[in-house]
J.: 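Provided herewith is a single structure, encoded as structure tokens, for subsequent inquiry.
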Amino acid sequence: MTEPFSFLAFEPDGPGLMCAVMIIVEGENVYGWYTGPAGAKFAAAFFVLDRYYSTHETAFYHSVEDDVYDDWVLAYPPMEIDAGHHSPVPGDLCHALERAQDAFVAEWLFYCDDPAAAADLEWYRKRSLPLTHAGIRCEKLNKLKEGEVVWTCASPGLDLNIIDFLRERWPLDYALAS
């Protein structure tokens, strides 16, 4: 398995964490996990971009819940037929994807309802930074490139076209303008 890539976006004058994405490229496919605000909810799901690096149309699947083994849906291209509900992730990759997601979350994120996040919560509060459901660990915020509106951090070598593809199709509020 290749080394995972990461992408994070944070809006300091808005909702705070806009998205956190972990990506693994295996051959022509892209596997990963994303989380962030989606309307009044905070979404998290595993995903597959099937045949992303091929001449065929890419299919975008995501898990219904935040579980690589549970039900999945075909989100793109829109089809009238039932695409099935089984995970499109090969069985041997499921464990690796889950471990990579756990490591990514442990390194980058904290959840507001986690008692172990008290120091991060206090750090955000003292700086009047926005926080809803989850945030980027305080010691990691300096890794983000401060932009005018949204601060971002992308792993070196990450194909940012993957992020653009996701932003056009995922349910998160961090979407490309129509």
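For the numbers below, each heavy atom of this structure counts, side chains included, while hydrogens, waters and symmetry mates do not.
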J.: Could you tell me the separation between the CH2 atom of Trp170 and the CZ atom of Phe60, rounded to the nearest 0.5 Å?
T.: 8.5 Å
J.: Can you list every pair that meets side chain to side chain donor-acceptor pair (under 3.5 Å) and has a residue in residues 129-140, with sequence neighbours left out?
T.: Glu107-Lys140
J.: Mind checking the CG-SG spacing from Asp67 to Cys94? Nearest 0.5 Å is all I need.
T.: 9.5 Å
J.: List the atom of Leu17, the atom of Ala134, and the distance in Å for their closest heavy-atom pair.
T.: CB-O, 3.9 Å
J.: Using 30° and 60° as the class boundaries, would you call the ring planes of Phe10 and Trp151 parallel, tilted or perpendicular?
T.: tilted
J.: Show, in sequence, the C-alpha distance, side-chain angles and deciding distance for Val64 and Val73, and conclude whether the side chain to side chain contact (heavy atoms under 4.5 Å, CB included) test is met.
T.: CA-CA 7 Å; Val64 175; Val73 295; 3.7 Å; yes
J.: With sequence neighbours excluded, what pairs up with Phe5 under the ring-ring contact (aromatic ring centres under 6.0 Å, His included) test?
T.: none
J.: Once side chain to side chain contact (heavy atoms under 4.5 Å, CB included) is applied, do any residues pair with Glu168, and if so which ones, sequence neighbours excluded?
T.: Leu176
J.: To the nearest 0.5 Å, tell me how far Met22 CE sits from Ser155 OG.
T.: 11.0 Å
J.: Only counting residues at least two apart or in another chain, list the ones meeting salt bridge (Lys or Arg N to Asp or Glu O under 4.0 Å) with Glu98.
T.: none
J.: With Tyr111, which residues qualify under side-chain hydrogen bond (donor to acceptor under 3.5 Å, both in side chains), at least two apart?
T.: none
J.: Give the intermediate values and the outcome of side chain to side chain contact (heavy atoms under 4.5 Å, CB included) for residues Ile136 and Tyr124.
T.: CA-CA 10 Å; Ile136 299 170; Tyr124 270 70; 3.8 Å; yes
J.: Applying side chain to side chain contact (heavy atoms under 4.5 Å, CB included), can you list everything that pairs with Asp159, at least two apart in sequence or on another chain?
T.: Tyr52, Tyr53, Asn161, Ile162
J.: Just to verify, what does Trp123 make a ring-ring contact (aromatic ring centres under 6.0 Å, His included) with, not counting sequence neighbours?
T.: none
J.: What's the shortest heavy-atom distance between Pro130 and Gly14, and which atoms?
T.: CB-O, 3.0 Å
J.: Checking Ser54 now: which residues fulfil side-chain hydrogen bond (donor to acceptor under 3.5 Å, both in side chains) with it, not counting sequence neighbours?
T.: none
J.: Atom CD of residue position Glu65 - does it have more than 12 heavy atoms of other residues, nucleotides or ligands inside 6.0 Å?
T.: no
J.: Are the side chains of Ser6 and Trp108 in touch, meaning some heavy atoms are under 4.5 Å apart?
T.: yes
J.: If you take all heavy atoms of Val48 and Pro88, which pair is closest and at what distance?
T.: CG2-CG, 3.8 Å
J.: When you look at Leu49 and Leu166, which way does the side chain to side chain contact (heavy atoms under 4.5 Å, CB included) test go after all the steps?
T.: CA-CA 9 Å; Leu49 301 181; Leu166 289 167; 4.1 Å; yes
J.: Can you see which heavy atom on Thr58 is nearest to which on Tyr76, and at what distance?
T.: O-CD2, 3.5 Å
J.: Please find the pair of heavy atoms, one from His62 and one from Ala75, that lie closest to each other, and give the distance.
T.: CD2-CB, 3.6 Å
J.: Applying salt bridge (Lys or Arg N to Asp or Glu O under 4.0 Å), name anything that partners Arg127, two or more places apart in sequence or on another chain.
T.: none
J.: Once rounded to the nearest 0.5 Å, what's the spacing between atom CG of Leu129 and atom CG of Leu141?
T.: 7.0 Å
J.: So which atom in Phe165 and which in Arg169 form the shortest heavy-atom distance, rounded to 0.1 Å?
T.: O-NH1, 3.0 Å
J.: Just to verify, what does Glu148 make a side chain to side chain contact (heavy atoms under 4.5 Å, CB included) with, not counting sequence neighbours?
T.: none
J.: Could you measure the distance from the SG atom of Cys138 to the CZ atom of Phe110? Nearest 0.5 Å is fine.
T.: 7.5 Å
J.: So, using side chain to side chain contact (heavy atoms under 4.5 Å, CB included) as the criterion, who are the partners of Ala9 when residues are at least two apart?
T.: Phe7, Met18, Cys19, Val150, Thr152, Tyr174
J.: Cut-off 3.5 Å, no hydrogens considered: what does the side-chain donor-acceptor table look like for residues 31-39, sequence neighbours left out?
T.:
unit_1	atom_1	unit_2	atom_2	d
Tyr31	OH	Asn29	ND2	3.3
Trp33	NE1	Asp66	OD1	2.7
Thr35	OG1	Ala43	O	2.7

J.: Go through Leu131 and Leu121 one step at a time and tell me if the side chain to side chain contact (heavy atoms under 4.5 Å, CB included) criterion holds.
T.: CA-CA 8 Å; Leu131 191 57; Leu121 291 167; 3.3 Å; yes
